[in-house]
Amino acid sequence: MLPRIREAIAAAVRAAAKERFGADVERVVLERPPRIALGDLACPIAFDLAKALKKAPRAIATELAPALQLPEGVRQARVEGAGYLNFFLERAPVVRALLAGSVSAAARPEKVIVEHTNINPNKAAHIGHLRNAVLGDVLVRSLRRLGYPVEVQNYLDDTGVQVADVVAGLVHLQGVRTVAAAAEVVRDRRLPGGPVYAKGFAYLCWDLYAEVGRTYAARPETKAWRDEVLQAIEAGDNETARIAALVVEAIVSAHLATMGRLGIAYDVLPRESDIIHKHFWAKAFAMLKEKGAIHLETEGKHAGCWVLRLSESEEFAGMEEPDKILVRSTGTVTYTGKDIAYQLWKFGLLDADFDYDRFRPAWDSGSVEAAEIPAEVRDHPLWRTAHAGGAADAPPFGRGDRVFNVIDVRQSYPQKVVREGLRALGYAGEAERSTHFSYEIVGLSAKAARELAERFGEEYRLSPEDEQKPFVEMSGRKGLGVKADDLVELLLERSRAEIAARRTTDAATGATEAERDARAIAIGALRYFLLKVGRNKVIAFDFDEALNFEGDTGPYLQYSLVRTDNIFRKLEEKGLPAAVAPDGLPEDGWDDDLWGIALDAASTPDVAERAVDTLELAALARHAFGLAQGFNTFYHRQPILQEPDPVVRNRRIAIARIFRMEMSRLLELLGIPEPGRM
RNA sequence: GCGCCCGUAGCUCAGUCCGGAUAGAGCGUUAGCCUCCGGAGCUAAAGGUCGCGCGUUCGAAUCGCGCCGGGCGCACCA
C-alpha cells in the first residue's frame, strides 16, 4: 500500500515541477518528517530546484503545492519548514490495508547463497562467532522475506592447522593415540585421568588447544607435531586422520547445537577435505592457467610460486606487496587458492561437484540439551559433503546467482583476492555478485576480562599493556574469550530469576512454560544485543550491557508483544470483542498516537529492503525498537479495557492488532522468539 | 609506506549512503507514575565546541581536502 502511494506522490511531484517550472526531476526523495504533526511524507524537492531556478525553496514549494494532483489516498499537501512539501495520507484506508495482513513478497528467481558461521572445528564457539552467525542468519531471513530462494552454507575447515593442533594435543600431550581412545574422550567428556567437562567436549578442546599453544611457545621443537598431524590428515586412511575426523565431527555437532538453540539452521556443510578430495583446486588451477590469470614466477623472492598479479588493480594500488601467492614453491595450494575454487563452485563455474550425505548432529553437547533446540532447526534437513558415494536424493547445492560471504573485516583482503580471481578468469559478473558481508569484531573490554579472571581464573588476566587498550581481541590460541554457551547460560540465569520474581503461583505445567519463556527471553536479548549495533562498530563486550533486559533490548520488544496478548485475553474474559469489528472502523479519529504506529508498521518492507541493500541489519532492530516504543506510549495513554465507547475501543484494538502482527513478523525476521508470558 | 573502519551526551550507540525542519535513543543520575491493560513499562529534568582545521554551499554531524586520536589489514598462516 505504502509503496504505491509513494510512487504516486513522486509522479505527482514530477508532473507539477514540469508544469510549473519546466523542470525534469529524475529522483524524487520522500522521507519521514521529524514529527508526525508535520506530515507523513516529506519531499525536499524545492531545495533541489532552488539552485537552478534561483529562487528561495519556500517560494518554490508554495508555488508547487497548488499545482499538485493529489493521488488517491493523499489527503493534503502542505508547505512546511524552509520549503518542504509535506503530504498527509488518508489514515483509515492504510489502517484497513494493514489489518488485512501483509502480502508476502513475490518469489524471485535468483538463487542466493549465504555462507556464514565457519568456525574452526577445534574448540567451543565464542561470542565473536555468535555475531557472525546471527548476522548471517538475519541476512538469510531477510532475503527469504524478500522472496529469494536462499541456501545456507557453513564451511568446515577440517584440515587446517587449528584442528591439527588439537589432535596433536590429544596424541602427544594426552597420549590419546587410537580412535577408540579418542571416542572415549568424546563420550566421557574427559581426558585420561582428567576431570569431566560437564559443558562438553568442545570445552575440553578449548583448554587443550590453549595448552598446545603454551607448549609450542615453551618448547618450540614440539611445533613439529603440527606438520606431522597435518601430513597424516592429508594422507588419510591412518589412525591420526581418523582421530581428526572424530574430533571435527564432535565439535561441529557442538557448534550446531550452540547455534541451533539460537534458532540458526544450515542447509549444507561443505568440507575443505572434500574440496581437496574432489580436486576442486586442480580444476580451478587449470582454468586460471588457461586464461593466463596466474603466473609462475621464475625469479625474485616468489620464484617457483604461482601468483595472482594484483598490481594492475586499483583496489590494491599502493600496497607494499600487491601480488598474492596461490601456489607455494613447494607446489601446495594456499587457503586463498582453495577459496577461489570454492567460490567458483558456488556459482556453478567449476566443472566439479561434491557428493552429499545427511548429517545428524548430536544435539546434546553438554552445554546444550536437545530439548533446547527449536523444532524448526532440529527438523531442518542438514547435508554435509561426503568423501565418496553420497546419497542419491541429495538436493542440488551450489549454482547460485549471488553469493554472500559473511566474515569479519580482517578477511577483507583475501576476500578481495577471491573476487579478483573470478574477474581474472573473465567472470566479471560473478565477481560483482560476490559480496563480502564484512563486520567488525567482538573484542573484550578490560572490564569484561577482569570479570572473566574473577569468574574463571587467572589465565584470563590481561597484561598491563592490554589493560590500557580499548579492547583486546579474543584468542582461541590463548584461550582468551567468552564462550557462546557460557554467555547464554548467564542470560538464562538472569531470565529465570526475573521470571521467578514475577510469577507467583505456578502449577506443574507452569514450570516447563516458565523455562521455555526464560529461553525465549535469553535468546531474544542475545540476538538483539548483537544486532542493534552497526556492523562496522567494534563491540567491546561488556557483561552488564549484554545481560541488560531493560530499555533498548530484545526483552523490551518481547514485552510489548506480550502486552497485546494480555489485552486480547482480558477482553475475552470480560466478554468484550477482542477482534476488530470491520464495519465499526471509523474514517476519522485516528490520532497521531494511533497513526504513528500504523505508519511505522507500514514502512517495514522499505526498512527491510534498505537493510539488505546496505547490509546494515541493525536498521531492522532499530525499526522494531521504534515501533515498540510507539506502542508502549499508546498503551499508557489510550487504555482499551476501560474504554466505554465501542467505536473508540475498536479503533484502539485495530492498532493493537496491527502492532501485534507487524512486531511478530519483525521478531521472526530478527530470529527473536516470542515468549508466552513475561 | 599504502588501504579500510571508528571518533556525536558521563557510558553504549542512532542519524552520514541521498546536505535541510528545535542533533535523537538506551543505560546511568534526579524527580514523579500501580483505585493499573502486569514496573522487563511510562512521564519529565539535567546532560552535546557532532575529534580539530580549512573549503564547497543560501544551509554541513552529513560532501571535499588536510590534520589528530584509536582499531584493523597489506603471509609461500588459515
Side-chain angles (χ1 to χ4, degrees), chain A residues 27 29 31 33-35 38 42 44 46-48 50-51 56-57 80-84 86 120 157 159-162 272 301-302 304-307 310 315-322 324-332 334-336 338-339 408-414 416 438 440-441 443 469-471 473 495 498-499 501-502 521 525 532-540 542 544-545 548-560 562-564 566-571 610 613-614 616 618-619 622 625-626 629 632-633 635-643 652 656 677-678:
Chain A
R27 198 170 54 96
V29 176
E31 51 198 33
R35 288 186 317 280
L38 291 170
F47 297 106
D48 300 333
K51 188 166 291 174
E80 291 281 356
Y84 283 96
N86 284 8
N120 272 312
D157 182 2
T159 62
V161 294
Q162 314 221 27
E272 178 160 274
K301 58 175 174 174
H302 293 164
C305 299
W306 285 88
V307 170
L310 301 168
E315 257 190 307
F316 297 85
M319 275 177 17
E320 270 182 18
E321 189 50 74
K324 178 68 195 173
I325 289 164
L326 297 186
V327 179
R328 305 180 185 100
S329 53
T330 58
T332 55
T334 61
Y335 181 86
T336 308
K338 276 179 276 193
D339 218 11
D408 77 55
V409 64
R410 292 170 301 183
Q411 299 289 332
S412 296
Y413 169 69
K416 270 189 195 172
S438 145
E440 264 293 356
I441 63 160
K469 293 183 180 171
F471 62 90
E473 221 177 305
S495 60
E498 295 288 335
I499 285 176
R502 271 158 239 257
I521 291 160
K532 71 170 170 178
V533 190
R535 65 189 169 97
N536 287 328
K537 225 93 169 187
V538 174
I539 296 180
D542 179 85
D544 291 339
E545 267 175 61
N548 183 27
F549 289 172
E550 284 168 18
D552 188 10
T553 66
Y556 180 90
L557 305 184
Q558 294 169 316
Y559 190 60
S560 65
V562 167
R563 278 186 148 163
T564 61
N566 291 344
I567 296 169
F568 300 142
R569 198 186 57 243
K570 290 251 164 126
L571 280 168
R610 200 183 114 80
D613 279 352
T614 59
E616 201 49 277
R622 273 180 248 121
F625 180 63
Q629 266 186 321
N632 275 330
T633 305
Y635 172 91
H636 282 274
R637 285 216 273 244
Q638 309 211 17
I640 292 174
L641 279 170
Q642 297 97 312
E643 175 54 47
R652 292 177 187 171
R677 292 167 60 198
M678 283 181 79

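Being a predicted model, the structure only gives us computed values, none of them experimental.
- The A:Asp157 side chain lies nearest to B:A78 when the options are B:A78, B:A14, B:G26.
- The side chain of A:Tyr559 lies closest to B:G41, out of B:G26, B:A78, B:G41.
- Atom OH in A:Tyr413 sits roughly 14 Å away from atom C1' in B:A78 (whole-Å rounding).
- The base of B:A21 sits within donor-acceptor range of the side chain of A:Asn86, with an N or O pair under 3.5 Å.
- Between the side chain of A:Ser329 and the base of B:C76, a donor-acceptor pair under 3.5 Å is found.
- Applying the Watson-Crick and G-U wobble criteria (two distances, each under 3.5 Å), B:G53 pairs with B:C65.
- Take the nearest nucleotide of RNA chain B for A:Asn548 and for A:Ile441: the residue whose nucleotide is more 5' is A:Asn548.
- Taking the side chain of A:Arg677 as heavy atoms from C-beta on, and the options B:C13, B:G38, B:G41, the nearest nucleotide is B:G38.
- Figure legend. B:G24 is base-paired to B:C13; pairs are counted as Watson-Crick or G-U wobble with both atom distances under 3.5 Å.
- Closest contact between the side chain of A:Phe625 and the listed nucleotides B:A78, B:G41, B:G26 involves B:G26.
- We find that CD of A:Gln642 is positioned 9 Å from P of B:G38, with the value rounded to whole Å.
- Base orientation at B:G39 is syn, since its O4'-C1' glycosidic dihedral falls within 90° of 0.
- With both pairing distances under 3.5 Å, B:A44 is matched to B:U30 as a Watson-Crick or G-U wobble pair.
- Residues A:Pro639 and A:Arg652 form a side-chain contact, since some pair of their non-hydrogen atoms from C-beta on lies under 4.5 Å apart.
- Residue A:His636 contributes atom NE2, which lies 9 Å from atom C1' of B:C37 at whole-angstrom precision.
- Computed from coordinates, the A:Asn566 CG to B:C37 P distance equals 12 Å when rounded to whole Å.
- For the residue pair A:Asn566/A:Arg569, the side-chain donor-acceptor check at 3.5 Å is satisfied.
- At whole-Å resolution of the value, CG in A:Asp408 and C1' in B:G71 are 13 Å apart.
- As a whole-Å value, the separation of A:Leu310 CG from B:A75 P is 11 Å.
- Closest to the A:Arg622 side chain, of the nucleotides B:G41, B:A14, B:C37, is B:A14.
- Taking atom C1' on both nucleotides, B:U62 is separated from B:C50 by 10 Å, rounded to a whole Å.
- Closest approach of A:Gly551 to A:Phe625, counting heavy atoms only: O-CE1, 3.7 Å.
- Both distances falling under 3.5 Å, in either a Watson-Crick or a G-U wobble arrangement, place B:G1 opposite B:C74.
- For the pair A:Lys416 and B:C4, the criterion of a side-chain N or O lying under 4.0 Å from OP1 or OP2 is not met.
- Heavy atoms of A:Gln411 sit under 4.0 angstrom from at least one base atom.
- Rounded to whole angstrom, the span from the CZ atom of A:Phe549 across to the P atom of B:G39 amounts to 18 Å.
- Using a 4.0 Å heavy-atom cutoff across all strands shown, A:Glu616 reaches no nucleic acid atom at all.
- Summarising the geometry, the separation between CG on A:Asn536 and P on B:C17 is reported as 15 Å, rounded to the nearest angstrom.
- Using a 4.0 Å heavy-atom criterion, one finds that A:Phe471 contacts the sugar-phosphate atoms exclusively.
- Salt bridge annotation for A:Glu545-A:Lys532: absent, with no cationic side-chain nitrogen under 4.0 angstrom from a carboxylate oxygen.
- A:Asn632 and A:Tyr559 are not linked by any side-chain donor-acceptor pair at a separation below 3.5 angstrom, with hydrogens and angles left out of the test.
- Looking at which nucleotide of RNA chain B each of A:Gln638 and A:Ile325 is closest to, the 5′-most match is held by A:Gln638.
- For A:Val533, taking side-chain heavy atoms from C-beta onward, the closest of the listed nucleotides B:A14, B:C18, B:C42 is B:A14.
- Residues A:Thr332 and A:Thr330 bring a donor and an acceptor atom of their side chains to less than 3.5 Å of each other.
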If you restrict it to nitrogen or oxygen atoms, what contacts under 3.5 Å exist between nucleotides 29-35 of chain B and the protein, and what is each distance?
none

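- Look at B:C11: its glycosidic torsion is beyond 90° from 0, and that puts it in the anti range.
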